[in-house]
Structures are given as structure tokens and as C-alpha cells.
Protein chains: 2
Amino acid sequence: MATLSDVAAEAGVSPTAVSRYLNNRIDLPQATRDRIDAAIAKLDYRPNLLARRLSTGKSEAFALVTPDIANPFFAELAAAVERQAHASGYSVYITSTGGHADAEINAIRRMADSHVDGLIMTTNRVDDGSLANLLAGRENVVLLDEDIDGVSVPRVFVDNAEGTYLAAQHLIAMGHRDIALIGGPHRLMSVNERLAGFTRAMDEAGLPVRPGWVLLGDYTRDYGVAAASVLLDAVDPPTAILACSDYIAIGVMQVVREYGLSIPNDISLVGFDDMAFAALVDPPLTTIRQPVAAMGELAVKHLLALLEGQTPPAETRLAVELVTRQSVAAPSR
Amino acid sequence: MATLSDVAAEAGVSPTAVSRYLNNRIDLPQATRDRIDAAIAKLDYRPNLLARRLSTGKSEAFALVTPDIANPFFAELAAAVERQAHASGYSVYITSTGGHADAEINAIRRMADSHVDGLIMTTNRVDDGSLANLLAGRENVVLLDEDIDGVSVPRVFVDNAEGTYLAAQHLIAMGHRDIALIGGPHRLMSVNERLAGFTRAMDEAGLPVRPGWVLLGDYTRDYGVAAASVLLDAVDPPTAILACSDYIAIGVMQVVREYGLSIPNDISLVGFDDMAFAALVDPPLTTIRQPVAAMGELAVKHLLALLEGQTPPAETRLAVELVTRQSVAAPSR
DNA sequence: TCAGCTATGTAAAGCGCTTTACTAGCGATA
DNA sequence: TATCGCTAGTAAAGCGCTTTACATAGCTGA
């Protein structure tokens, strides 16, 4: 690979001149510029980014750490982040952690070591303080999708409470009174908020939130299966289930089918996320749509603002939307 | 951030000593080692990867370029690649190109500029030669999932022909004689091979491959919709459709439903890929499973072998598998 | 007593770039 | 004619690390 010095030698100028020319830090006469351009073309020179980064301390890149890139939700988020970053001339390095604390810590470390300019962090765990510690005081981090307690960096979230509020309202409007909620991990911000939204809707309708009908575990299909089994095994099962993720909803569907029941005739179901498959399942799932692309874009914009010394909003809430399909009907009894 | 020199000063030795100690290139007495360790701990020193890479020319990292990280197939592939790479102490930098030629070229360039040790390349386009050009002669590249004409680097593919052969055989065994195939982009390796496997099964069964029943376009839902419409509009539609991707199959399902027909009663359908949603749609889709995790792992292993100067197989074919669900039945007429 | 080891390091160059000074030469001005 | 200012650059240090070659002190054996 040709170096800057090679180009300089070929063009008959100093490396300094070439460097400054390439970085628009010098005005050279046309003749000199032509010689340099010719030398670059002839030698097929491309600057060594490593050297440049080492020298400047800037990388024109940032990191995205994500729990699981194979999960379509995070994959779409990643795609959106990447799109927006590229549009701004930045590269993005994605790492998935499998949702393990040590992997997250390592990823953050590695990212910091590789001297990226900034970090967009998504997680799906409740932090025990180590993440907060690692992130404390950093001026180049934004949190996306899920909160980490005690971290005061800009955050981009969705209006979780509004989502479940809309979903519950919809079920109530359809005539349901016996509604259960299946949610993600206890104490996770999104879980708390989704539970709160649900509770508010129920309260407003004068309906009780039965403790046995609020099941918190994981945003996974497996947990949907487990929770739905508990619900359907009861002598007096709910007529509607609000699943706090489409994955949970899928698990619920499976169990309902196994019990020989039908959605929406016997049980109504609402999901959360509006993942690509939500429209494809049987019946197509009524769900709460998260504006994934907008979330990714906004996170990047806020990170860029941060890097430019501006102060983006401490917390942004993006609106969600109820998408009505065919998994909700009036209760039969 | 503390530097190597800071540590050296703190420990009362030279930077050289610290560097060599950290890289196991020197035997130091216990006392000195302790002092260095203490200094590192005290200063919270972590080596600057950029500087190290610049100095050694190695990065302990490689790149994965992929058409679309939001596509679950590539996302799962990426997850597998990442898992295996991390297990070997490598980082991986993922870029998605949106399947655009110039984005692919840029990604490869950027990756080369960032001095990663190697590159795993996936594409879903027919190359016009520019990719082949860029990749020619490189000793640190492996091709995954799809071929690029004229590139002689190790390749990891799936047995595409066997997949459609199995699928067609299954349909034939169920009694179908009028079978159509909907495939991806014309001239793409996987498309050719899947068509070939289909043709072989039909030939062996003495059945004709009707030209009007082989539709090549894209591995997308939209193309599935378009192609299925063509097929069902005909006076004499096929009794079974072999969709060369689950996305295509989803499109087909949609059209079949819109025509007031039912799968599998009126039309049988087989997909390809076994994406996560294949089991979730209605009816659950019979499809060909690709061993995505194994593909990713193998690509990494071959790349590592390459980096160690070994010669991995020029081409590896991984076996696919027919997964029988409920989208195939005997033809009604 | 001294050459020759061994143990324990160190000095300095180099990776490829950026950046902060500084300068040679020349025409214009006072 | 001395000075100023402008044009068109350059020299050298520095980013943080690795690596090659060399150095010193103390010990051993003859």
C-alpha cells in the first residue's frame, strides 16, 4: 500500500503538503494540486485510517451495542442506525452481547478501546450498576430503547405506557373486562411502564387488575408459552391477553391452539412491537407498532449533536400506534 | 487515558519492558511484574488498540459485509459469525449495503482501509465484475452463502440443488404433477442451482418443467405476490408451488388467500430457508432448512485458517433439510 | 582475576498520519 | 533600500504502541 510519503515523493512535494491538501488545510496552486492528484491516482493511494485516527484522536465511527442482532427488532434498529450514520459520514460497529452482562461490559470496553467517537447502547437486562458505572460521565453515549438506571446520557425511548394504554383501551372497547397482561423482565423500565399504562386504562374503566393476571418474565416466545399455560389452566381464564411483545404473543397463540381454543373467538390477543411476522401469523396480530426506524435515526442524531458539543434532549419519547388486525374480537361470554 | 509510558513511569521501568511483558516477550522477575501489574491497576491502563494495530499491522478483527442486516436470514448469519469470531478472540465489524453495488464496494474499501485482518463477504446480487476485481488475489477473504463469479477465495455455500430437489420430490411424492417454481434473481448462483435441483427431480419423475411455470425475480415477498398472481391468473394453474425463499412463500400465501383459495387444500406450497416465521404462519410452512449457524461458523473457521497460512477447502457445501409442516397436501383434482 | 554467561532490562526507530511552527522567495510599498 | 506581506510551501514533533539491537550488573568457573 502506498503511503502519504510515497505520494509526496511522486509529486515532488513534502508529506505535509499532501496531508494538508487532502484535508483542505492549505491552498495550493493548480499545478501542484494536479501533480498530487496524479500521484494519488498513479499509486492508488488511500489514507491509512488507523494512522489518521491515532493522530487525530477522531474515528468518524461509532459503536452500537445490542443484545442480539438475530432478533429482528434489534436488527431493524441496527439497520436504521447504520443508515443514518452512513448518511452523516460515520461508520458503525455493531456488537451483540447475547444479553450477558459481562459481554456487554466487554463490548463497551472494546468499543472504547477502539476509539470510536461515540456509542449507542441498547440492552434488555436490568443493570446491577456495572453498566451505569462504565457509562457514567461519558459525553458520547446515547441510550436507546431501554433505560439503564443511574445513567444520565441522552435517551431515546418509545412511549411504552401509551402503548399498553391504547391496547387495553381497545380491548375494553371491544367489551372485555377480564384482561391479563404478560410482560418482560421484572423491573425493566419498559416493563414497568407498560404495566403502568395497562393499569391506567383498567383503572379508568373501573376494572380490577388481578394480581394473578399480571405475569412478568421475559420478552420471549418461551415465556409467552409458560405464562399462557398458567392463565389457561385457571378455572376462570381471562377473555383477553395483552402480550407486551410480539414474541410473547406468538407463544400465547401456540398455547391457545394447543388448548383447542381459537383466537379471537375464545381469547383476544394484542401484541407489542409490530414485528414483520405479526402480519403473517394466523390470525394476523393486532399489536402496538414501535417506530423502529425513527428510533434509530434519532439516536444517531442525538449522538452527533453530542459530539458537536450541543445538548440534545435528555429524554425523547416516540409515539406508538395501535395496529388493528384480526386477533381481537368481542368476548363470547 | 493512561498510556504505556505512564505505566512504565509509575512502575519505574521502561515502556519497552512493559510492552514486552504485556505481550509475553520477556521474562521478568516477580517483583518487577508485580510493580507493573500494580501500575496498570492503579492507572486503569488499557492498551490503545489503534496504536497497536498501526504498529503491528494486525487487528484481531474482521469484517462482515452483508446485504441487509434487517433481513433475519443475514442477521442470523451475522450472529453466528460473531459468536464464532469472539470465541476465537476476534472482533467483527458488520456493514450492510442494502444490496447496492457501490455500497458493497465502499464497504469493502472501508474495511480494507480500517485494516481488518479478513473479510467475510455475503451478497445477493449478480456482480458485474467490480466486486470480483476488488477481491481478486486477496488471501484473507471468504465468500459466504452466495457466489461471486471469478473470485477464487474459499466459499461456504449450502447445497441449493439438493434443497429444491428434496422439496420437489416431496411434492411429487404427495401426488403433484403440476408444479411451479418461483425463484430469486436470474443468474444468481443459488437461483441457478435451485432451478437445477427442481429440474432434476421433475426429470426423474418424468414430469415436464413448463417454461411459464418457472418465474425468476427476487427473493422477496413482493416478488412472491407478483409471481403468484401470474400463476393463479392462468386458466390452468399449478397444484403446487415451490418458492425458493420463505419470503417469496409469504407473498404467495397472501395472494392465495386473496384469491379465496386455501393452502394446502387448493394449492400446496414449499418454502426455502426455514426462517423463524415459517413455523408461525398459517398454515405453518413446509420448507427447506438452511443450517445458518453452521454456515457462519464455518466461514469464520475458514477465514482463520487462511490467516494462519493454511488452505481451507475451496468450496464447502452444507447439507439442507426438508422440514415438513402443513402447507403441503395431496392435490385435490 | 577475568572472560563469559545470564538475568534484567533499555534506547531508538518505526508504523502512517496530522499539526504546529517556521521559512524562502518575491513583488509591492514607503 | 529596507520593510512588509503574501505565496508556497517544509521540518519536526507527536499520536501510543512494538521490536530490534544493544547494555549493564552480577555471578560462575577456570
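Chain identifiers are assigned alphabetically (A, B, ...) following the order of the sequence lines, protein sequences preceding nucleic acid strands; residue numbering begins at 1 within each chain. Model, not experiment: these values are computed from the prediction.
- At whole-Å resolution of the value, CG in N48(B) and C1' in dG16(D) are 6 Å apart.
- Among the atoms of the strands shown, none is found under 4.0 Å from any heavy atom of R53(B).
- Put simply, S19(B) has no side-chain N or O that comes within less than 4.0 Å of OP1 or OP2 on dC17(D).
- Across all strands, T3(B) comes closer than 4.0 Å only to sugar-phosphate atoms, never to a base (heavy-atom distances).
- Base contact: I26(A) has a heavy atom under 4.0 Å from a base atom.
- You won't find any donor-acceptor pair under 3.5 Å spanning the side chain of T16(B) and the base of dG9(C), going by distance alone.
- Note on P15(A): nothing from the nucleic acid sits closer than 4.0 angstrom, heavy atoms only.
- In this structure, L303(A) and Y90(A) have side chains that are not in contact, with every pair of non-hydrogen atoms separated by 4.5 Å or more.
- The closest side-chain donor-acceptor pair between Y21(B) and D37(B) falls under 3.5 angstrom.
- Among the heavy atoms of the strands, none lies under 4.0 Å from L50(B).
- At the phosphate of dT19(D), neither OP1 nor OP2 sits under 4.0 Å from any side-chain N or O atom of Y21(B).
- Here R25(B) reaches the OP1 or OP2 of dT19(D): one of its side-chain N or O atoms lies under 4.0 Å away.
- Using a 4.5 Å heavy-atom threshold, the side chains of Y93(A) and L64(A) count as separate.
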